[in-house]
Amino acid sequence: MGTDISGFIEYRAPGDDQQPIWFGAHDLSPLNDDVRNYDAFGCLFGVRNYANFRPLAAGRGFPADASAALSGRFAQLAEWYGEDGFHGTTWVTWAEVEAVDWDEPAEKPDSRLHEYRQTPIGLRMTGKSSWSAEFAEAVGLELGEVREWPEGAEWLIGDTLYRSVTIRRRDAVTATGEWLPVWEAMKGLAEQHGDDNVRLVVWFDD
């Protein structure tokens, strides 16, 4: 079973009594098209972190000062699916996103070996594998056994090259990928309300 992300962008501004409160702005779904990208989930929020990043904003929970729009939606979801229906709830501000070093590598190599095939124009990545029967047999792994391989280690087995790779944040959250519309929406709000006054609240379901 896979893991999906949901979320809501909020901004903070003076309310009717002029005290700053959070307001709902955008649902995440139409901005990132519900893309299931585990590398991004791990890099940003520590969920499905197979690539072994230091997460940007993991485990912060549901914000106590959430906007009325978000609080109402979250309460409705909890009623429909139960409080155990989702997990990994957390949030991140635009100021934190702006400060990210996208060239920062993960803390250790990806726990999935990267697979490549030779093509007329060179090696082409075909996927990532947490478990491959072909690879396990070739290197003597027991069923289900997991090992950590050093960066750059590689094995050519048949016509597949298996390689241990440490990826960078920009490999997980690409500059032109599904997170670009999210960042653009947050940046636009930040220009009006300030970087610390815009945040993305997310949660996950399996």
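Numbering of residues begins at 1 and proceeds along the displayed sequence.
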Should [X] and [Y] count as side-chain neighbours, where that means a heavy-atom distance under 4.5 Å?
X      : Y      : answer
Asn197 : Tyr11  : no
Lys187 : Val198 : no
Pro63  : Val201 : yes
His87  : Trp203 : no
Asp34  : Asp4   : no
Leu70  : Trp22  : no
Leu123 : Gln118 : yes
Thr89  : Phe74  : yes

Could you report the tightest heavy-atom contact between [X] and [Y], atom names first, then the distance?
X      : Y      : answer
Ala133 : Trp131 : N-NE1, 4.0 Å
Ser29  : Asp27  : N-OD1, 2.8 Å
Ser6   : Asp205 : OG-OD1, 4.3 Å
Leu77  : Phe86  : CB-CE2, 3.8 Å
Ala185 : Leu31  : CB-CD1, 4.1 Å
Val47  : Gly88  : CG2-CA, 4.3 Å

Rounded to the nearest 0.5 Å, what's the gap from [atom1] on [X] to [atom2] on [Y]? Could you check?
X      : Y      : atom1 : atom2 : result
Tyr162 : Trp155 : OH    : CH2   : 11.0 Å
Glu98  : Thr93  : CD    : OG1   : 10.0 Å
Asn52  : Lys108 : CG    : NZ    : 5.0 Å
Arg60  : Thr90  : CZ    : OG1   : 5.5 Å
Ile157 : Glu115 : CD1   : CD    : 9.5 Å
Asp171 : Cys43  : CG    : SG    : 9.5 Å

Applying side chain to side chain contact (heavy atoms under 4.5 Å, CB included), can you list everything that pairs with Asn37, at least two apart in sequence or on another chain?
Val35, Asp39, Ala40, Glu178

Please check if [X] and [Y] belong to a single hydrophobic cluster, counting links between Ile, Leu, Val, Met, Phe, Trp and Tyr side chain heavy atoms closer than 4.5 Å.
X      : Y      : answer
Trp91  : Phe45  : no
Ile9   : Phe41  : yes
Leu180 : Val100 : no
Trp80  : Phe8   : yes
Val173 : Trp94  : yes

Donor-acceptor contact present, side-chain Tyr38 to main-chain Thr3, <3.5 Å
yes

Could you go through the side chain to side chain contact (heavy atoms under 4.5 Å, CB included) check for Met186 and Leu200 one step at a time?
CA-CA 8 Å; Met186 294 181 74; Leu200 170 66; 4.0 Å; yes

Could you check whether [Y] and [X], counting side-chain N and O atoms only, form a donor-acceptor pair closer than 3.5 Å?
X      : Y      : value
Thr126 : Arg117 : no
Ser164 : Glu151 : no
Glu10  : Ser67  : yes

Arg168 vs Glu104, test: salt bridge (Lys or Arg N to Asp or Glu O under 4.0 Å). Steps then yes/no.
CA-CA 5 Å; Arg168 299 172 301 164; Glu104 181 184 355; over 6 Å; no

With Arg163 as the cation and Tyr116 as the aromatic partner, state whether NZ or CZ is under 6.0 Å from the six-membered ring centre and within 45° of the axis.
yes

Axial cation check for Tyr50 ring with Arg112, 6.0 Å and 45° limits:
no

Would you call the rings of Trp149 and Phe135 parallel, tilted or perpendicular if under 30° counts as parallel and over 60° as perpendicular?
perpendicular

Phe62 CZ: over 12 foreign heavy atoms closer than 6.0 Å:
yes

For Gln192, does the CD atom sit with more than 12 other heavy atoms under 6.0 Å from it, leaving out its own atoms?
yes

Start with the C-alpha distance between Asp196 and Glu96, add both sets of side-chain angles, then the distance that settles side chain to side chain contact (heavy atoms under 4.5 Å, CB included), and finish with yes or no.
CA-CA 8 Å; Asp196 288 311; Glu96 291 174 301; over 6 Å; no

Side chain to side chain contact (heavy atoms under 4.5 Å, CB included) evaluation trace for Val182 with Leu28
CA-CA 7 Å; Val182 182; Leu28 177 63; 3.6 Å; yes

Are Arg170 and Asp103 close enough, and set up right, to give a salt bridge (Lys or Arg N to Asp or Glu O under 4.0 Å), and what steps lead you there?
CA-CA 6 Å; Arg170 70 171 63 257; Asp103 286 318; 2.7 Å; yes

Let me see the working for Leu141 and Arg147 under side chain to side chain contact (heavy atoms under 4.5 Å, CB included), right down to the final yes or no.
CA-CA 9 Å; Leu141 290 180; Arg147 293 185 195 170; 3.1 Å; yes

